[in-house]
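Each chain gets a letter, A, B and so on, in the order the sequences are listed, and its residues count up from 1.
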Amino acid sequence: MDHGHAESPRAAQDEQELTLGEKLFLRETIKGMAIVARHFWKNLFGFRDNTTEVLDRKGTGVNLVTTINYPEEQKPYPPGYRGMHRLVPRVDGRPRCVACYMCATACPAQCIYIEAGEYDDQAIEKYPVRFEIDELRCIVCGFCVEACPKDAIRMDTGTHAPAVLSRPLAVFDKEALLGGAPVELSSDSMTYRAPLKTVAPMGSNEGGKKMGGH
Amino acid sequence: MSETQSHSAGVVPVNPDPLELDDELPSAFTKVKLGPSHPATHGTVRLNMTLDGERIVECIPEIGFLHRGFSKSSENATWHQVLPYTDRLNYVSPILNNVGYIMGVEKLIGITDTERSKYLRVAAGEISRICDHLTCVSAIGLELGAMSAFLYGVEAREILWDRVAELTGARMTTSWTRIGGVATDAPIGWIERVKETIPRVLELTDELDKLFSKNRIFVDRTRNVGVIGADEAISWGFTGPALRASGVDYDIRKAHPYLVYDRMEFSVPLGSRGDTFDRYLCRLEEIRQSAKIVLQALEQMPPGPIIIDDWRYALPPKKDVFSSIEGVMAHFKLIMEGIHVPAGEVYSFTEGSNGELGFHLVSNGAGKPYAIQVRAPGFPIVGALPRLLHGHSLGDLIPIFDSINMIGGEVEQ
Amino acid sequence: MTTPTVPVKMVKVEVDGVAVEVDARDNLIEAARRANKHIPYFCYHPRLSIAAKCRLCLVETADMPGRLQAGCQVRVKEGMKILTNTPAVKENQRGVMEFHLINHPVDCSICDQAGECKLQDYYMDYDHQPSRQRTYKLQKPKREEFGPMVVYDAERCIMCTRCVRFMDEVAQEPQLAVVNRGDHSMISTFPGQPLDSNYSGNTVDVCPVGALLNTDFKFKSRVWFVNKSPTVCNGCSNGCNTYVESRANVLYRLLPRRNEEVNEVWMCDEGRLTYHATNEARVEWARKGRADAREEIGPALAIDEAKRLLAPFAGKPGVAIWISAQCTVEEAQGALTLGAQLGATKYLIGGKAAGKGDEFLVRADKNPNRRGVELLAQAAGVKLESGDAEGALNGVSALIAARTDGLANHLSSLERLEVIVALAQNEDAVSRLAQVVLPINSLYEQAGTLINYYGRLQRSWPATQAPRGDALPGWSWTGKLGAALGGPAAIETVQELFAQAAAKVPALAGIEFEKISEEGQVLPGLLPTEFPKRAPHPAPVAAV
Amino acid sequence: MDATLTPSSRLASSDIPTAVPVKRTVGNWFGWLIGGWAMFFAFLFGLSATMLGVVRLFAGFDEKKNSVGGTWEGVGNILILMLVFVMILATLLTMADRKWSAMMQDRVGPNRARLPGIDSPLAGLPHIIADVLKMLFKEDFISDGAARQKLLFNLGPLLAFGPAFCLFAVIPMSPEVFFFGKRISLQVLHVDWGILYVFALASIGVFGTALAGWSSDNKFALLGGLRASAQMISYEVTLGLTLVGAFIAYGSVRLDVMSELQGATEAAIRIGGSDPTLFFGWLPAWGIFMQPLAAIFFLTAAMAEIKRTPFDTPEGESEIIGYYLEYSGLKSGLFLIAEYVETVVVAGIVTAIFLGGWHLPWIEPALCSVLDGLWHGNGAALLAIFQVMGFIIKVLLVIWVMFLARWALPRFRYDQVMHLGWKMLLPASLANVIISAAAYLAGGREAMAMVGLVEIVAFVGYVAFWGKKPAADAPDAHGHAADPHAAPASH
């Protein structure tokens, strides 16, 4: 793309007076029809490879119709795409969520409902008894993911909230949301601590080494 | 003789004998309400028209069907939570709104975003502008019956939206900017992908050009239709392509350069007559100019952070939030209370896709805006609809209405 | 607490160049506060002794340039120049914050204090820099159960010792102490002696961080979600000023509200739990029928039913009005008016059973408005009989109960009655027996006035937005009932009802509902001359 | 591009699969291409043969063996041509319109409806059934205002559909041919007034639109009705005039006569050898070669007459929605199907007059002798099948062009339609009549063909070259000249 030359603002219309040929309708009409016809013939004789991205569906012979034939073909969402939520599990299957309500606070649509409970587990202590997202209210802004201090909620499911036949079905509870690969962060060692009463000497925990530097 | 007299007196003659065929038939204006749900009103707007046959005697646009209380809603959200609302102002070019709003907040705080973020904002914003203009230009074709052209425009917009989705994580409701930067960096390979995409978009744009620009049917429908002169356009409050079509060389990107627009080479297309055709041409040309800007911005974009490193305004990096109390405390304060914007008042304006997109922000120092007012570029233009439509026929309403590109979201907020 | 008799001596100081006149007894923090400058502190508390442990309040004075002085410990003197934002002060604040945070766990997510935590606030104001920590944090016991209401997290503790000092000095029940040394030090109870003081909840309030948490509130809600509204504790007749925190129509906790003449800034644990009655076991819908024949019929039909039942008794002997001392002034006034209209022959005052009182904030009478009810009855010229007496309901055939507290003592008598119309807040044996039950708002849900043990008129503000079921204020029900039975139209607003009461009671004369301040006011002539030993109280008016 | 610098959680998303795996379609593109077209032509062949066969069957009841136009043959023709061919084609066109437009617009097109038990969209064909069922079973809603004129309101669609449906009667689809021992022809009405029948009946359609517009009691519908009646009446003038040249050339207004004259006569086919009707020995005697401009004018005027885009101002779905705004259910369906039926009729007329009717150019005699060899003595009958097939293909092509125009071109404004009709098409077709008449007087049809060739050359020159400026000094009005990404010229 040559963007080296600066053009001065111009009155484009002065050159836009139609010539007599153009005034006779037919030429431009035929040209326009030719453009549309070209699309027609390309698509008629072209082969449709629905595994390619839309951008690559060009040229002659292959990859033509650019529309996604939706339910049968699905465009893979790009990696950063904000899809449906999931609650990230720990390696032991419990949710990473500690019911800090940050997501509910950041949510502009107020679609997250949490009720907190208390584990006997010394390390984690707090967990969501109920964690519900009303996917109908959700505006998919991703603020909840950004607000989570535990990496417990993500929108990387690569799918979107499914269509439902009644409104209550769009409310996803903890069990429905919990899924996907478990996540273990180096900082999690903070929560996996020595048993109560035996105070570990500083630096004895292996996880401590991982924490260095940022 | 008596009839002449009564005419001169300004009284409509009442025919004593209704069967007298020589007399003019009694006639009256027709009142027609176009919309709010009408194929040509892209949003929901109602045009209350008085017709004399097919000639529009008077047209009163009635807006408000899409009013969502932007200003009031914003007062109950933190500064960041307003961002999704701005997505929904001009929903055809959400990133431009994101950028415009966040730049206002930054102006109020007195910070600037990082260098890389500036380029990203410009590139993404111009992609958004292309999307908007493509929609507008091809929709003129659609409403005039040339449906294929619309779908070519939509196809071009679609591949751009794919790029937007890769960058921001969403196609339309991007909510992508952050105070002091942007939310996500360009993913690996994205720049190359955009460079592949832009020529394809221009190709489709050229097809639109070929289908319309010289086609006499199209030209007849748009040339000298909805004409507004430069002075009048200014006094109505026109900005953006609609103003430039009237020949006024005013583009905020040139007149008051922001971000890195002063480092970009592009020209501002101008019209001379201010008719629908000029508005169409200006937008068409702006697509090409914006494409140039996108490529330049991606070319010049330096590496570096995409958001400022000040935990009072930008959320701490996730790593700090996960592992340090300092990070998590800053994070909590920012989320709980919102970013504390110093008390003050600012009017920030950027070049939106339809013209000057202004945000008047008032802060009382709390985490939530005290007041937000948007100067939607489309609002004054829609206000001029009665003036633009006056005297034209009903069929002309469609191209005129399309060429001013009323977006219900921003006009009615 | 004795009121100061010595005249206040004022001195002139300069805070960051702003000249201000301060009390000579002020320390630098208070002096700066008068100049609208904020000196950060953790351990200092205006009502506790000075510990100077946190070192955050260090400021410079012109006397000793370059030397930092503890703002809490140093008193002002004439002409002192206090500098709160010199580089040295800033550097100290930043450094102190960093020290406090070194061993602080990454706990905001699970800590109830988040949102009202001094550490968070000061971090944003005075530190806001990333962590420089490279080692693992010190581990200490978490979730030590100190007592029935307080749980302790040693890791979050910054050792300001406010809680220890509070128990020593204010509650005067020394149950907490600092154990261990250096960074291993932590707060602990004594062996075999849990933190079971009736004032233990205050240690949570004074704790600037999330080390001490209230088990009753723990994990129930986040502090930034709840709305605060001023009200009065209805736990006893002391009438401590409180805030009630609520979201939608659920109450979450009570916090003391400052009132030097009633409760200073403290309240008892017992009182903190009174909000539960508003959340739990409520009568929600107006209904008719006894026991298993209960049927929820809605307000209009319930009034009709009550009218049908009561109409035969109007003007005949045998009608009794039961007024609980839990009622607000307006509810009691409504009940008395209804009684007068029906020609009630018996007025009974009931209420919660008396409990233990102490020398500080807890009174033995557990009803917040006994004096108010008595005053109203006196003004109305009716004889108020005690509802506690045996056989109080003898000779009664129809009973209208404004709140049912205490009625449960007379269950056998109640079963004999022909008609019971109960204005009930909570489900209990009485609400099962009544033919018509009308749900009423709790004190925390309505605007109303109370007159406490000291004859102090105080008002509350409704904490919740949405009503719970059909619940209405008691005076609203009695008004509607009266109107249904042929009386004047029901009074619509609490203001009018209070005005009605004020017109009759001499002590309330001239007082307007809307003009009652958040602090309340002592009614003339009602202030007792003797007070419990340590109880805060207004200055006794010298007998004229 | 340090991802860790982002505050938002651009976290490792490799943990979980990010996308639903795409179903991969592997197909032999070339095989499908060849097979598909082969199936298409086989279908057409079968259709043609069936049509001829059925008419032969009915004609078998007629007494006269050697003349066409018997009663039973007429019945067979009505059945086959008007009920089966026109209606089926019009119904198929509803789907073709959607499917073709999809291809023109890079879309997939309708593909949701399924036949029971078949899990394949069948290229959208079940949508035809679905559409018809929808039309049939939708509530027939009549608004209060329309209910006051219920008779007229109901008459509207009938008047729009009925005449359109009858138009096809005079269009010949096959030559008069001995088909297995009986002389038949795929034409309902062998009448002398020929094309005049079309003009006459088409005018009745105006009443339908006008009534629909007026009786709907809706301002938009009224506007549509007014526009439609004015436009239809105006264009009828042009419509007739454009064909005068053809009348002169063929000396008849009968469509079957005109068709017959455009290719080898039956005798020539029988004898074999070269086709004597070819002009200059190589140019088929098609109307389009004698009257190229008239063909364009006629198609244009016909499109305006049947109110297709770009002349659909009476409908103008983004302006006034149209005269059938208040109709629903089957009545609305009648309007829609009438439009498609009219499309078929127009395409039939254009084919019959300008595109050689059923004639296949050049090859008829040779093909006939080959077919004779294949099936002794029945070559002409077999050829007739191919000729019908050729007719159908020509009709489809014309329809395709009309659809192409519909999807490519913007709509005229109402006054511009009238302007075009009265001020441009009418004088131009008048001029065409004069030139044609002069040429015919000067040298008969050969001279007309000469003039036609000149016109074609001029037209091609006009479209391709005239007015096109050299690329170097093209105005940089929109930057296409300077833009290396401009698409190459598309024609």
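- The cationic group of A:R94 lies under 6.0 Å from the six-membered ring centre of A:Y119 and within 45° of the ring axis, placing it in a cation-pi geometry.
- D:R413 has a carboxylate O that lies under 4.0 Å from a charged side-chain N of D:D415, or vice versa, which qualifies the two as a salt bridge.
- In this structure, chain D has heavy atoms under 4.5 Å from both the backbone and the side chain of A:F25.
- Contacts between D:W100 and chain A at a heavy-atom distance below 4.5 Å involve backbone atoms as well as side-chain atoms.
- When ring centroids are compared, A:F40 and D:W400 come within the 6.0 Å threshold.
- Interface remark: D:F412 contributes side-chain atoms only to the contact with chain A (heavy atom separation under 4.5 Å).
- The two atoms that bring A:K174 and A:V129 nearest to each other are NZ-O, 4.1 Å, heavy atoms only.
- Heavy atoms of D:L409 lying under 4.5 Å from chain A belong exclusively to its side chain.
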